[in-house]
Each structure stands twice: as C-alpha cells, then as structure tokens.
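Heads up: the structure comes next, in structure tokens.
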Protein chains: 2
Amino acid sequence: MPTIKDVAREAGVSIATVSYVLNKKNNFVSEKTRQQVLEAIQRVGYTPNTTARNLKANQTRLIGYAWHKIPDYHHVNPMMDSFIYYLAQAAEASGYHLLTFTHPSGKPEPVYDEMIRSGRVDAFILAETIRDDGRIEFLRSIDYPFVCFGRSNPDWDFPWVDTDGQTGMREAVNYLVEMGHRRIAMAAWPEGSISGDFRTAGYVDGLVNAGLPVRAEYLVRGEHNEQTGREAVRYWLEMPSAERPTAIVAVSDIVAIGILNEIEERGMIPGRDLSVIGFDYTPLVQYLRPALTTIEQAIPETGQALMRMLEAVLNKDDSVPMQLLLPPQLIPRNSCGAPP
Amino acid sequence: MPTIKDVAREAGVSIATVSYVLNKKNNFVSEKTRQQVLEAIQRVGYTPNTTARNLKANQTRLIGYAWHKIPDYHHVNPMMDSFIYYLAQAAEASGYHLLTFTHPSGKPEPVYDEMIRSGRVDAFILAETIRDDGRIEFLRSIDYPFVCFGRSNPDWDFPWVDTDGQTGMREAVNYLVEMGHRRIAMAAWPEGSISGDFRTAGYVDGLVNAGLPVRAEYLVRGEHNEQTGREAVRYWLEMPSAERPTAIVAVSDIVAIGILNEIEERGMIPGRDLSVIGFDYTPLVQYLRPALTTIEQAIPETGQALMRMLEAVLNKDDSVPMQLLLPPQLIPRNSCGAPP
DNA sequence: TTGTAAGCGTTATCAC
DNA sequence: GTGATAACGCTTACAA
C-alpha cells in the first residue's frame with residue numbers, strides 16, 4: 001500500500017504538505033501545489049492509513065456492540081438482528097463502524113473493560129438493557145461514552161432510546177375496545193423486566209382509559225416462549241363463557257403464537273372467537289393464518305437516534321436530548337375482529 | 001490510559017523489557033525482572049494499546065463482514081443473522097473481531113477496496129455469494145485474503161464453505177420415498193442461483209435414486225416468497241388426483257409456508273393430505289401447525305470452518321482444505337406423513 | 001539479561 | 001506556503 005511518503009515523493013513536496021491538502025482545513029496550500037498533490041494521490045492510488053491516523057488521534061472510529069448470548073441458534077431475536085443492521089448503517093453515515101464482540105453470559109463487564117483498555121473502540125452501544133444493568137453501572141463509573149437501546153433503573157441518568165411499549169400496549173387495548181371488546185386479557189412476562197412491565201402498565205392504562213375493570217385473572221404471566229401463550233389460553237378457557245376474555249394482548253409475538261395455536265387446537269378460530277395482538281413485528285407472523293396483528297417497533301429510527309445521541313455524547317454536545325421514547329405502531333392484520 | 005512507559009517507570013525497567021515480558025516468546029527476561037514488570041502492569045492497570053500494536057505489525061486483527069442489503073426490515077434472513085453471531089464467536093476464538101459494514105446494493109467492490117486501502121481490515125468474509133460474484137473476482141485479482149460462505153463459479157479457485165444443499169435435498173426426497181411417497185414435487189427458485197440449483201439437483205438425484213420418473217410438471221419455480229409456494233400448490237391441485245403430487249419439497253422455508261397456507265385454505269391438511277418439507281430451519285416454523293419439517297444448515301460449524309480456513313489463508317498454511325461442503329440435517333416434524 | 005533507538009504512517013508544531 | 005521533525009504507543013534489531 002502506498003503511504004504518504006510515496007505521494008510526497010511523487011508530487012515533489014514534503015509529507016507535511018500532503019497531509020495539509022488531505023486535512024482540508026487550514027487551506028493555505030497554494031492551488032498549484034494542491035493540484036500536484038491531488039494528482040499524485042490519484043496516480044499512486046493513496047488512501048490514508050486508518051491505524052496510523054487512529055494512533056495519532058487516539059481514537060478508532062469504531063463502536064463496540066456486543067452480541068447477546070443466544071442459547072440455541074434458532075432462538076435468535078429477529079427484531080434485534082434487524083436493529084443491528086440499521087445501527088450499522090447509521091454508524092457509517094457518521095463515519096463509524098460497528099465492531100462486534102461476544103461475552104460469556106454472566107460477566108460482560110470484564111470484556112467491555114478489556115475493549116476499552118486495549119483501545120479497541122471509542123464508545124459502546126448497549127442493547128437488551130436490564131434493571132441494575134452492570135454494564136451501564138460500569139461505563140458510568142468510568143465515564144466512558146455509550147448509549148443504550150432500552151431503559152434501566154429510573155434513577156440512573158444515562159443516554160437511551162427506547163420503544164414506548166406502554167403507549168403501544170395502551171393503543172392495542174384501545175384498538176380492541178373500539179372493536180367492541182370489553183373483556184380483554186394479557187399474557188405478560190414475569191414482573192421485573194423493564195419492557196415487560198411497561199407493556200403491562202400500558203395494558204392497565206388502556207383498560208382504565210376505557211373505564212374497564214382491571215381483573216387479576218385476566219393477567220397471566222410466563223416466560224418468553226410459546227408455552228406461556230398456550231397455558232394462558234387454557235387458563236382462560238376454563239372460565240365460564242360469560243367471564244372469558246374475548247381478546248388477548250400478548251407481551252410478544254412468540255407468546256401470541258402460542259395463544260393462536262392453543263385457540264385453534266381447541267377448535268376455535270382466532271380473530272373470530274378470540275382476538276389476539278402480538279408485539280414485535282417478527283418476520284413470518286404475517287404469514288400465519290390468521291396473520292397476526294402486532295405492534296411494530298421503530299427499528300430504523302431507533303438506530304438513527306442512537307447514533308445521533310452517541311455523536312452528541314462524544315462531542316459533548318448537550319443540545320441533544322439524552323432520553324428518547326419512540327412510539328411503536330399497531331399493524332392491523334386478521335387476528336382481531338369484533339367480539340363474538 | 002496507562003502506556004508501556006508508565007509500566008516501565010513503575011517497574012524501574014526500560015519499555016523494551018516490558019515489551020519482552022508481554023510478548024512471551026524469547027523469554028530471556030530474568031524471573032525477578034519479569035515479576036517486577038508483571039506487578040507493575042497490575043498496579044497501573046495496563047493493557048497494550050491495540051492501535052499502536054497494529055501500526056507496528058501492519059495488521060488490524062479485524063475481519064470485514066458486509067451486511068447484505070435488506071429491502072425492508074422484516075425481510076431479514078434469520079439464518080444469516082444467526083450465522084454472523086457464530087462467525088463472531090469463532091473469530092474471537094482466533095483473536096479477531098468482526099468489523100461490519102454496508103454497501104450500496106449495486107456496487108460493493110469500491111467499498112471493499114476502500115476498506116483495504118485504508119487498512120481497516122486484514123481480511124473479509126463474504127456471504128451470500130452469487131455466480132460471477134464481483135467481490136470474489138476483485139479480491140482474487142488483488143490477492144487479498146478472504147473466505148466465502150457459499151460457492152460461486154465452479155472454475156474459480158477460492159476458499160469457501162457451503163451447505164451441501166444437494167445432499168440435503170436428496171435426503172429429503174429419500175425420507176419421503178421411505179414414507180411411501182411416489183409422486184414428489186418441488187417448489188424451486190428460478191434457474192441460475194447457485195444454492196437453488198444445487199437443491200434442485202438434489203431433488204432430481206433423490207428421484208433418480210429411488211427409480212422415480214422426473215416429471216417436468218412436478219417442478220415449479222418462483223421467487224423466494226410465500227406467493228411462490230401458494231401458486232405451486234394451486235398448479236398441482238389442478239392436476240387429476242391420480243397425478244397430483246403427494247409430497248412437496250420446498251427450496252426454502254418461506255416457500256414452504258406458502259405451500260402450507262394454500263393447502264389449508266383449500267381445505268386439506270398438510271402432513272396428512274400432502275406432505276411438505278422446507279429448507280433453512282427458520283425460527284418460528286417449529287410453531288406452525290403442523291410444525292414444518294425442514295432442513296437445517298450447520299450454521300455454528302460453518303462459522304468455525306470459515307475462521308479455520310481464513311486463518312490458514314492468512315498464515316499461508318496449505319494443509320487446510322480450501323473447499324468444504326457441510327451436510328445439512330433433516331429435522332422431522334409434523335408436516336410429513338405417509339401418502340393418503 | 002537489559003537498554004537504546006529506529007520505525008510503523010500519520011498529524012501538527014514550529015521554523016524558515 | 002512549505003518543510004523538518006516530534007510525537008502517538010508499540011515491537012524489535014542491535015548494542016551494551
């Protein structure tokens with residue numbers, strides 16, 4: 001690879017001059033010299049070496065992004081995977097690249113620490129944040145630049161972008177209410193997860209807004225899998241038919257799929273006998289029969305917002321708000337209808 | 001961040017000595033000095049700066065991986081997304097990280113060129129290779145290190161790992177034959193795609209092996225979407241029932257989903273009236289009713305094999321075979337049964 | 001066994 | 001306007 005020296009020799013100038021024309025500001029280089037240098041750069045096919053630049057500037061223009069551990073390879077979270085694609089695009093638009101890394105499930109902080117100490121990256125983007133997130137605690141404690149996709153402890157002040165799951169769920173309930181439903185249930189995650197709790201809160205908000213009672217037996221909780229949806233349906237179908245919910249909102253698409261499956265196996269028709277709404281806009285759920293009504297997160301916008309925020313953090317620009325809630329969007333399909 | 005100088009000062013030795021103990025080989029450093037240095041490293045919390053190391057060594061220990069353009073964010077290919085996760089893991093095991101980048105759909109080569117010229121990466125991993133792949137042509141022409149997930153032109157000599165779709169499909173047909181099927185159809189992609197053509201060839205192999213006729217009307221081609229599966233079923237259902245296929249292999253899960261959906265909408269039961277096999281092991285297809293029998297690619301192994309191969313390329317180690325076909329695995333679920 | 005110093009490819013300060 | 005040159009943090013001949 002040609003270096004700045006080759007260009008200097010070719011143009012008959014010093015390497016300093018080449019560097020001047022490259023880093024346009026201070027353009028006190030004479031037009032004639034500038035042209036010579038530019039032509040020489042063309043001729044030798046020169047591109048400045050990033051590593052050398054980085055060493056000088058003490059930066060990498062690399063942003064660390066950790067892959068979240070997945071137990072089994074078909075259990076990927078499709079939403080997160082499309083997120084990182086848009087994140088990569090947004091990063092490039094700002095002259096950064098994503099450097100991906102993995103870490104053992106229990107202890108991520110040492111890996112982040114190592115990335116920092118070795119000067120591998122300039123900042124991090126964290127996804128799938130949790131309550132008391134050790135990564136956030138750690139990065140805050142050493143004042144290292146980062147932004148998060150997802151919230152954490154409410155009393156922690158740090159930059160994040162998140163989907164407004166509470167509003168999303170409230171609107172889902174509202175959508176069902178307007179269709180005529182009065183007995184609306186929710187299949188939720190166990191208490192304690194941030195986004196799960198916001199979604200559950202939105203469900204309650206929706207009921208309250210509509211003047212509907214909040215009934216404990218209409219809220220069933222379980223893990224993030226198909227089984228949870230199935231068990232919830234079994235539970236509700238045991239209720240006398242006048243008590244039974246006529247519509248169900250699920251905390252996630254995978255839970256909604258379990259609901260759909262159990263409903264059908266009980267000989268009922270989802271969307272007619274029982275309406276169902278998912279959450280996540282997972283690929284393929286559009287091809288279920290009935291196609292699943294779901295709530296779509298603003299994934300491309302999230303990536304862009306995160307990068308905007310991260311640049312503000314890196315440039316110590318405090319004109320950019322450091323918390324951003326992005327409204328999701330209800331995607332009506334065929335799994336909802338008027339109550340029977 | 002502490003530098004090697006800080007350690008040297010702390011330990012009362014020269015920076016060269018620190019460097020010697022760091023780069024263990026040539027361990028002619030006295031045990032006493034070594035201990036002093038090690039302790040100093042601990043005390044000041046030193047980790048060598050990667051950028052400086054890289055500048056010296058003229059490397060980055062970064063592998064470029066381009067995200068393939070996706071038209072719409074729910075059209076991600078889940079298989080590819082889990083692939084890159086395993087790839088990242090394998091890379092780290094070899095001391096590399098993945099540097100991701102994107103490129104405009106038409107012209108990837110200039111972006112690869114730029115990454116090389118600016119010294120951003122040491123090598124590339126290409127995925128979703130095609131016939132006459134310009135990236136392969138380009139990287140071969142400048143003799144830059146890379147490995148591919150996927151084959152390309154048969155007369156090109158370059159390192160690749162690929163799923164043996166031909167064998168996979170042959171075994172799928174064989175599986176159906178053993179269940180008693182004699183009229184087996186395939187919903188394929190248009191001729192010209194590499195993996196599509198191998199899968200189609202495997203279908204034909206399977207028929208021939210079983211002594212079954214290869215009937216043109218049993219092979220329907222269409223794009224990679226749900227509609228293709230639906231149209232294929234409509235076509236076959238117009239045949240007189242004694243002629244109709246009793247089983248269908250699909251070139252991909254999404255096509256298989258279309259098949260499943262159309263079958264059900266015609267009032268038939270997949271797995272009983274008509275057996276169906278997909279290809280890709282897409283997440284969620286296990287939750288379809290019936291759960292889709294599909295062919296699983298060896299994704300983790302592919303990532304590992306690619307990294308092994310890439311290291312061989314980088315170290316000019318020619319003991320490692322530069323072409324590797326990995327057998328996929330049939331995952332029996334409920335979408336197949338004996339012919340009616 | 002350890003230290004000195006050159007050099008990796010830049011940028012930027014200082015002379016001229 | 002332009003050119004030496006130091007410096008970024010490290011590795012490694014070579015000298016001691």
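Every chain is numbered from 1, with letters handed out A, B, ... down the list of sequences.
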CA sep, side-chain torsions, deciding dist, call: A:D122, A:T60, side chain to side chain donor-acceptor pair (under 3.5 Å): CA-CA 6 Å; A:D122 292 345; A:T60 62; 2.9 Å; yes
Set out, line by line, the N/O atom pairs under 3.5 Å between protein and nucleotides 13-16 of chain D.
from, atom 1, to, atom 2, distance (Å)
D:dA13, N6, B:Y20, OH, 2.6

Rounded distance (Å) that lies between atom P of D:dG3 and atom CG of A:L22: 15 Å
Any A:R53 side-chain N or O less than 4.0 Å from OP1/OP2 of C:dT11: yes
Nucleic acid contacts of residues 4-13 of chain A, taken as heavy-atom distances under 4.0 Å to DNA chain C: A:I4, A:K5
Residues from residues 43-50 of chain B lying under 4.0 Å of DNA chain C - heavy atoms: none
Salt bridge (charged side-chain N to carboxylate O under 4.0 Å, His left out) partners for A:R131, two or more places apart: A:D197
Sugar-phosphate only, base, or nothing, as touched by B:S19 at under 4.0 Å among non-hydrogen atoms: base
Ionic contact status for A:E10 with A:R43, cut-off 4.0 Å: yes
Residues which pass salt bridge (charged side-chain N to carboxylate O under 4.0 Å, His left out) with B:D164, listed by chain and number, not counting sequence neighbours: none
Heavy-atom pair of closest approach, residues B:R120 and A:H97: NE-CD2, 3.9 Å
Gap between atoms CG and C1', on B:N58 and D:dT11 respectively (whole Å): 13 Å
Nucleotide D:dT12, atom P - distance to CG of B:L55 in whole Å: 13 Å
Side chain to side chain contact (heavy atoms under 4.5 Å, CB included) partner of B:L306, the single match among B:I63, B:L324, B:I125: B:I125
Separation of D:dC8 P from B:N54 CG (nearest whole Å): 18 Å
Exercise: identify the closest heavy-atom pair between A:V29 and A:R34: O-NH1, 3.7 Å
Protein-nucleotide distance (B:Q36, atom CD; C:dT1, atom C1'), rounded to Å: 13 Å
Geometric class of the B:F83/B:Y65 ring pair [parallel <30°, tilted 30-60°, perpendicular >60°]: tilted
Distance in angstrom units between A:Q59 CD and D:dG9 P, rounded: 14 Å
Aromatic ring pairing B:W67/A:Y85, orientation class (parallel under 30°, perpendicular over 60°, tilted between): perpendicular
A:I130/A:R151 under side chain to side chain contact (heavy atoms under 4.5 Å, CB included): CA gap, chis, key distance, verdict: CA-CA 7 Å; A:I130 57 173; A:R151 284 165 275 185; over 6 Å; no
Side-chain N or O of B:T17 closer than 4.0 Å to phosphate OP1/OP2 of C:dG3: yes
Pair A:F124 + A:Y144: ring centers closer than 6.0 Å: yes
A:Q89-B:T102 side chain donor-acceptor pair, cut-off 3.5 Å: no
Residue closer to the 5' end of DNA chain C, A:A57 versus B:K32 (nearest nucleotide): B:K32
Approximate separation, where rounding is to 0.5 Å, of A:L62 CG and A:Y96 OH: 10.0 Å
Phosphate OP1/OP2 of D:dG9 contacted by B:T3 side-chain N/O (<4.0 Å): no
Five-pair end axes of the helix from C:dT1-D:dA16 to C:dC16-D:dG1, angle between them (10°): 50°
Side-chain N or O of A:T33 closer than 4.0 Å to phosphate OP1/OP2 of D:dT2: yes
Non-hydrogen atoms of B:A91 and B:M307 that approach each other most closely: N-CG, 3.5 Å
Between C1' of D:dT11 and NZ of B:K56, the distance in whole Å: 4 Å
Closest nucleotide among C:dT11, D:dC10, D:dG9 to the B:I15 side chain: D:dC10
Distance in angstrom units between A:R117 CZ and D:dC10 P, rounded: 12 Å
Identified ring pair (Phe, Tyr, Trp, His ring centres under 6.0 Å) counterpart of B:Y112 within the set B:F138, B:F101, B:F146: B:F101
